[in-house]
Amino acid sequence: MTDKLKVAFCGTPDFAVPSLNKLIERGYQLTVFTQPDRPKGRNNKLVAPPVKEIALKNNIPVFQFEKIRSDEGVRTLKKFAPDLMVTAAFGQILSQENLDIPPLGCINVHASLLPKYRGAAPIQWSIIDGEEYTGVTTMMTDIGLDTGDILLKEKVKIGEDENCEELFNRLSLIGADLLVRTIDELLAGTLPRIKQDANQATRCAMLKKETGKIDFRMTSQQIHNLVRGTYSWPCAHAYMDDELVKIWVTKKVDTDYDYNKDAEPGMCVIANPKIGLFIKTGDGIIEVKELQFQGSKRMDAKSLLLGKKLQDRKFI
RNA sequence: CGCGGGGUAGAGCAGUCUGGUAGCUCGUCGGGCUCAUAACCCGGAGGUCAUGUGGUUCAAAUCCCAUCCCCGCAA
């Protein structure tokens, strides 16, 4: 084992946790930088980022600058004097001054096959776009947005019904393994560095609430992708009589059902507690397995239909 | 004290405004019927109506007060 490599770890959400855990296992000397606690939930209670929880449990120093590129952030980083810096879903932009501090540079773990899906929500967008494959890439961080040289890459197939929470979990574990392999090769001097082909690059935007709005004129497959890709947040949704309805789980329909083929997209063409809930789409119907009306709990469609009549009512 | 919805049988809901025997759709148990079903028919069990030995009342799931829990929005 490499003794006492000093690593500054910058990460925030669950995705970054397995990577941090790996570095802890390695016994590196760590300092963690993460986002400040944010108000969450109904009473605006402050909630610590998952990475902070892990760090505290392991007695690792934690800093929560609003901006790590601030004077104070830079000063703190310099004082720790890391050999290497690692970022994983940090959510802050590093300055050149930050990047110049660690002699070995800065490695970023990014959940896409770069140069595709640079940006903030690559996992979600790869599902929404209906990609067959995605993966994790480690790269040398530079000043651009996910533009640094590619180091290692691992490709995975996206499951047909896999939602982005499941894919997140899968990729976060793969990312953690890829990270330590990257560090090993970096130290061994065998690490490849490949420039990104800017012509092939695509960039994905942050998800907005509005991203999850379902337009039932889309195809069943597109809707299924949207539901899976926005799972958990912002969650695919539609409205019925001004009531917000979250669509949690859908299933593509393979059976031949008898329903009104002339119904408008969004119409509940079959809404039977014994069969389920089926909504007309642009090219057929889609089954809604789990959904949630505003103010009420998330539940499976068949249960909901026991108490709520949705037959021939329409989602917009 | 951010705004709003809700807690009624194992599940999902109605009933609350206008106080007067606890209902519906399922499930479950028992029986019947059908070549068959998203089946159908008959019968039964199962609730201190979130909590308060709270207030009002002849009478509270329902009105008033307090507390707890769940959910949506906003951040």
Side-chain angles (χ1 to χ4, degrees), chain A residues 12-15 34-53 64-67 89-93 120-121 124 163-165 205-216 220 223 226-263 266-281 284-316:
Chain A
T12 305
D14 289 318
F15 179 80
T34 189
Q35 300 269 26
D37 295 2
R38 302 287 188 203
K40 262 210 156 74
R42 231 152 269 124
N43 297 321
N44 289 334
K45 278 174 244 157
L46 286 178
V47 174
V51 159
K52 179 185 180 185
E53 305 270 6
Q64 296 178 277
F65 299 114
E66 201 63 56
K67 291 178 176 176
F90 182 33
Q92 287 188 27
I93 297 170
Q124 292 93 325
N163 67 39
C164 69
E165 194 170 282
M206 247 195 289
L207 292 187
K208 290 177 296 203
K209 178 83 195 166
E210 181 58 23
T211 312
K213 175 73 175 64
I214 299 177
D215 179 347
F216 281 98
S220 302
I223 293 170
L226 184 67
V227 168
R228 295 183 298 132
T230 57
Y231 188 89
S232 195
W233 197 90
C235 193
H237 56 273
Y239 292 87
M240 181 177 275
D241 302 334
D242 291 330
E243 239 188 309
L244 175 71
V245 184
K246 291 186 171 181
I247 309 290
W248 285 101
V249 180
T250 52
K251 187 166 171 271
K252 284 185 286 174
V253 174
D254 41 17
T255 326
D256 259 343
Y257 287 101
D258 189 25
Y259 66 92
N260 175 13
K261 306 266 195 297
D262 298 327
M267 191 69 84
C268 300
V269 285
I270 302 174
N272 182 311
K274 297 242 163 138
I275 314 175
L277 176 61
F278 296 80
I279 299 178
K280 185 78 176 63
T281 66
I285 53 176
I286 191 166
E287 178 171 10
V288 176
K289 303 285 279 185
E290 288 182 45
L291 70 170
Q292 178 175 25
F293 273 72
Q294 150 188 335
S296 144
K297 279 186 196 160
R298 165 181 173 172
M299 66 183 93
D300 66 279
K302 291 177 181 176
S303 297
L304 182 126
L305 289 169
L306 289 170
K308 206 162 187 129
K309 303 301 164 213
L310 295 184
Q311 184 68 47
D312 295 328
R313 296 184 65 195
K314 194 180 166 192
F315 284 104
I316 50 169

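The sequence lines fix the lettering, A, B, ..., with proteins before strands; numbering per chain opens at 1.
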What interatomic distance, in whole Å, is found between [atom1] of [M] and the corresponding atom of [N]?
N	M	atom1	answer
B/rU21	B/rU25	C1'	22 Å
B/rU51	B/rA61	C1'	14 Å
B/rG6	B/rA22	P	23 Å
B/rC1	B/rA9	C1'	38 Å
B/rC68	B/rC41	C1'	46 Å
B/rC63	B/rC49	C1'	16 Å
B/rU34	B/rC17	P	50 Å
B/rG7	B/rA50	P	8 Å

Over how many whole Å does the gap from [X] atom [atom1] to [N] atom [atom2] extend?
X	N	atom1	atom2	value
A/Lys297	B/rC71	NZ	P	7 Å
A/Lys309	B/rA14	NZ	P	11 Å
A/Trp248	B/rG72	CH2	C1'	11 Å
A/Glu290	B/rC71	CD	C1'	16 Å
A/Leu305	B/rG12	CG	P	13 Å
A/Leu310	B/rC13	CG	P	11 Å
A/Lys274	B/rG27	NZ	C1'	9 Å
A/Leu306	B/rC26	CG	C1'	5 Å

[X] (side chain) donor-acceptor with [Y] (main chain) under 3.5 angstrom:
X	Y	result
A/Asp241	A/Glu243	no
A/Ser220	A/Lys252	no
A/Gln311	A/Val269	yes
A/Thr12	A/Phe90	yes

Using only side-chain N and O atoms of A/Gln292, determine if any of them is under 4.0 Å from OP1 or OP2 of B/rG72.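 Answer is yes, contact under 4.0 Å.
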Taking only side-chain N and O atoms of A/Ser303, does any of them lie within less than 4.0 angstrom of OP1 or OP2 on B/rG10?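 So the side-chain polar atoms of A/Ser303 never come under 4.0 Å of the phosphate oxygens OP1 or OP2 of B/rG10.
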Protein-nucleotides 73-75 of chain B N/O pairs closer than 3.5 Å?
| unit_1 | atom_1 | unit_2 | atom_2 | d |
| --- | --- | --- | --- | --- |
| B/rC73 | OP1 | A/Lys209 | NZ | 3.1 |
| B/rA74 | N6 | A/Gly41 | O | 3.2 |
| B/rA74 | N1 | A/Gly41 | O | 3.2 |
| B/rA74 | N1 | A/Asn44 | OD1 | 3.2 |

Between A/Asn272 and A/Phe293, who's closer to the 5' end of RNA chain B by nearest nucleotide? A/Asn272
How would you list, by chain and number, every residue that makes a ring-ring contact (aromatic ring centres under 6.0 Å, His included) with A/Phe65, sequence neighbours excluded? A/Phe63
Test salt bridge (charged side-chain N to carboxylate O under 4.0 Å, His left out) applied to A/Lys302 - qualifying residues, sequence neighbours left out: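 For A/Lys302, no residue satisfies salt bridge (charged side-chain N to carboxylate O under 4.0 Å, His left out) once neighbours in sequence are set aside.
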Could you identify the nucleotide paired to [N], looking across every strand shown and requiring Watson-Crick or G-U wobble geometry with both distances under 3.5 Å?
N	value
B/rU34	none
B/rG4	B/rC71
B/rC24	B/rG12

So A/Tyr231 and A/Trp248, would you call those rings parallel, tilted or perpendicular, with 30° and 60° as cut-offs? perpendicular
Relative to A/Tyr259, does A/Lys261 satisfy both conditions: NZ or CZ under 6.0 angstrom from the six-membered ring centre, and within 45 degrees of the ring's axis?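 Yes.
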